[in-house]
Amino acid sequence: MTATVGTSPDVKVHKSHMRTLVGTGIGNAVEWYDWAIYATFSPFIASALFSQADPTSAVLSTLAIFAVGFVARPFGGFVFGWIGDRIGRKTSMTVAVALGAVGSLLIGIAPTFADVGAFASVMLLVARLIQGLAHGGELPSSQTYLSEMAPKEHRGFWATLIYTSGTAGILAGTLLGAILTGVLSKEEMNAWGWRIPFLIGGALGIYALFMRAKMKETEAFEAEAPNEKRLPIWPQIVKYRKQALQVIGLTVGLTVVYYIWGVVAPSYAATSLKMDRGEALWAGVIANVVFIAALPFWGKLSDRIGRRPVIIVSAAGAALLHFPMTWLLKDSPWQLAVSMSVMLFFIAGSAAIVPAVYAELFPTHIRTIGVGVPYSICVAVFGGTAPYLQTWLGSIGQAQLFNVYAVILLLVGIAFAFSIPETKGKDLTV
């Protein structure tokens with residue numbers, strides 16, 4: 001008699017979970033990698049794709065296009081949110097990562113200003129708009145998918161994958177920047193070295209596309225009644241306007257302080273504080289490792305004590321320490337590493353769990369677009385302008401105004417945290 005050997009249900013569940021985590025994580029990592037390398041390599045982009053008659057203006061123009069990329073995010077949030085709520089979360093995630101890869105490849109092959117004049121700057125603008133459209137849909141689609149796939153008692157912990165994978169993408173971009181600036185001369189970096197990260201980003205995006213094509217749709221979406229999937233969008237957005245406003249309120253401080261301390265701090269230290277660029281990038285690597293390590297701690301804590309206490313403690317800690325850490329930061333790499341690490345530890349509290357909180361605020365039929373539109377608008381208005389505003393205020397001797405602005409936005413986030421219901425353990429299939 002021959003025994004039949006099968007695969008146990010636990011093994012199948014484990015494989016399904018791993019496919020979900022890897023497929024979601026790699027696409028999300030590529031998106032964040034794209035934004036990080038743009039901020040990291042912005043001085044080289046400025047010298048290659050803009051006129052060098054006024055170098056300061058070229059840098060500001062590069063940062064302005066960084067902000068313009070965010071303008072497309074709300075449109076991406078709407079388009080891909082509609083796809084996610086009508087056609088499927090998986091489809092939305094797959095198309096978004098493919099479009100993001102196209103944007104990276106366009107930047108990597110863009111001709112220089114010396115070769116084609118202003119067309120080089122226009123091509124950069126088009127590429128960033130494409131990326132903004134894709135990335136505006138990537139985050140709400142992936143965090144909705146992940147939240148619906150997660151066991152409800154561990155959703156806070158699972159939600160940490162969004163910022164863990166995203167920060168891994170930033171870390172990869174920062175590490176690549178540190179390695180390239182250490183290995184290549186300034187002339188080589190200006191000539192062609194800055195293109196390498198964007199070409200790698202395009203290749204990774206194509207790989208993520210194939211990974212996501214193999215993923216399955218969420219049970220929450222498949223269980224939804226067909227008539228709910230066909231409900232008009234705008235009336236539903238209006239109906240859930242309170243939840244949309246809560247998404248904005250919870251995001252506004254987080255997005256600004258995260259971009260300050262998690263993304264542009266090394267570049268700011270190198271350009272404004274005259275710190276060695278390679279040393280600044282390595283300090284950023286250390287701080288982002290601290291951030292990644294802190295995320296699961298906060299996620300598990302939220303599954304135990306609730307979402308609201310974690311968000312309040314996180315935002316309050318960041319608000320209280322923002323000025324001291326800014327004063328600590330002068331011209332030494334250790335100061336940058338310590339200040340970034342301290343701030344990112346507290347920022348990690350909110351970052352770890354807001355993907356779960358956002359998903360828990362909305363019903364299934366409006367969940368992706370309900371999160372995507374307000375989140376993308378908030379990130380575009382506040383996160384996208386943060387690097388430019390910080391640089392501009394610093395250039396006119398008003399750097400402290402920007403710090404006051406950041407702390408006020410964190411206090412806004414605390415106020416909104418008190419307004420949300422406690423959603424720990426909520427069933428997302430209803």
Side-chain angles (χ1 to χ4, degrees), residues 23-42 63 65-84 89 91-108 124-146 161-163 165-170 172-173 197-198 200-209 212 247 251 254-256 258-259 262-264 351 354-355 358 368-369 371-387:
T24 305
I26 190 169
N28 193 55
V30 171
E31 179 210 336
W32 293 45
Y33 167 90
D34 287 340
W35 293 94
I37 58 175
Y38 190 95
T40 299
F41 292 89
S42 57
L63 292 176
I65 287 183
F66 181 84
V68 167
F70 281 83
V71 173
R73 291 181 75 115
F75 297 98
F78 181 83
V79 171
F80 287 97
W82 182 89
I83 294 172
R89 305 352 182 175
T91 301
S92 180
M93 292 167 60
T94 304
V95 177
V97 79
L99 201 59
V102 171
S104 288
L105 292 173
L106 284 177
I107 297 175
L124 176 66
L125 175 62
V126 171
R128 290 299 292 171
L129 287 173
I130 290 173
Q131 286 187 323
L133 186 68
H135 298 162
E138 164 64 30
L139 191 62
S141 298
S142 61
Q143 66 188 18
T144 298
Y145 181 88
L146 185 67
L161 176 67
I162 297 297
Y163 272 83
S165 61
T167 307
I170 290 176
F198 294 98
I200 292 175
L204 289 173
I206 294 171
Y207 175 71
L209 167 65
R212 288 185 169 181
V247 169
T251 303
L254 173 64
T255 188
V256 171
Y258 181 76
Y259 275 103
V263 179
V264 302
V354 288
Y358 296 155
T368 310
I369 200 168
V371 174
V373 172
Y375 176 84
S376 298
I377 290 173
C378 183
V379 171
V381 173
F382 294 96
T385 58

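Counting begins at 1 with the first residue of the sequence.
- Here the CD1-CG distance, from I206 to L105, works out to 5.5 Å after rounding to the nearest 0.5 Å.
- Side chains of T251 and Y358 form a contact here, defined as non-hydrogen atoms less than 4.5 Å apart.
- Contact record, A101 with G202: CB-O, 3.6 Å, taken as the closest heavy-atom pair.
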For S142 and R212: C-alpha separation, side-chain torsions, deciding distance, then whether side-chain contact (heavy atoms from CB on, under 4.5 Å) applies. CA-CA 11 Å; S142 61; R212 288 185 169 181; 4.2 Å; yes

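- The ring of W32 has its center closer than 6.0 angstrom to the ring center of Y258.
- Checked by atom type and distance alone, the side chain of T368 never pairs as donor or acceptor with a backbone atom of P140 at under 3.5 Å.
- Atom-to-atom distance recorded for T94:OG1 and I83:CD1 is 10.5 Å, nearest 0.5 angstrom.
- The backbone N or O of G84 lies less than 3.5 Å from a partner atom in the side chain of R89, making a donor-acceptor pair.
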Between V97 and E31, is the side-chain contact (heavy atoms from CB on, under 4.5 Å) condition met? List the steps. CA-CA 8 Å; V97 79; E31 179 210 336; over 6 Å; no

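- Smallest separation of non-hydrogen atoms from W82 and I369: N-CD1, 3.9 Å.
- Taken to the nearest 0.5 Å, the CG atom of L106 stands 12.0 Å off from the CG atom of L125.
- Under 3.5 Å, the side chains of Y33 and S104 contain no donor-acceptor pair of N or O atoms.
- The main-chain N or O of S141 is never found under 3.5 Å from a side-chain atom of T144 such that the two would form a donor-acceptor pair.
- Contact record, V30 with L204: CG2-CB, 3.7 Å, taken as the closest heavy-atom pair.
- Here CG of L254 is found 10.0 Å from OH of Y259. Values are rounded to the nearest 0.5 Å.
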Begin with the C-alpha distance, continue with both residues' side-chain angles, and end with the deciding distance and a verdict on side-chain contact (heavy atoms from CB on, under 4.5 Å) for T91 and F80. CA-CA 9 Å; T91 301; F80 287 97; over 6 Å; no

I107 vs Q131, side-chain contact (heavy atoms from CB on, under 4.5 Å): CA-CA, chis, key distance, verdict: CA-CA 10 Å; I107 297 175; Q131 286 187 323; 3.8 Å; yes

Hey, can you pull the donor-acceptor pairs under 3.5 Å for the side chains in residues 373-387, sequence neighbours left out?
from, atom 1, to, atom 2, distance (Å)
S376, OG, R73, O, 3.3
S376, OG, G136, O, 3.3
S376, OG, G372, O, 2.7
T385, OG1, V381, O, 2.7
T385, OG1, F382, O, 3.3

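- Taking CZ from F198 and CD1 from I37, the interatomic distance works out to 4.0 Å, rounded to the nearest 0.5 Å.
- Put simply, CD on E138 and CG on L133 are 12.5 Å apart, with the number rounded to the nearest 0.5 Å.
- Between the side chain of N28 and the backbone N or O of S165, no donor-acceptor pair lies under 3.5 Å.
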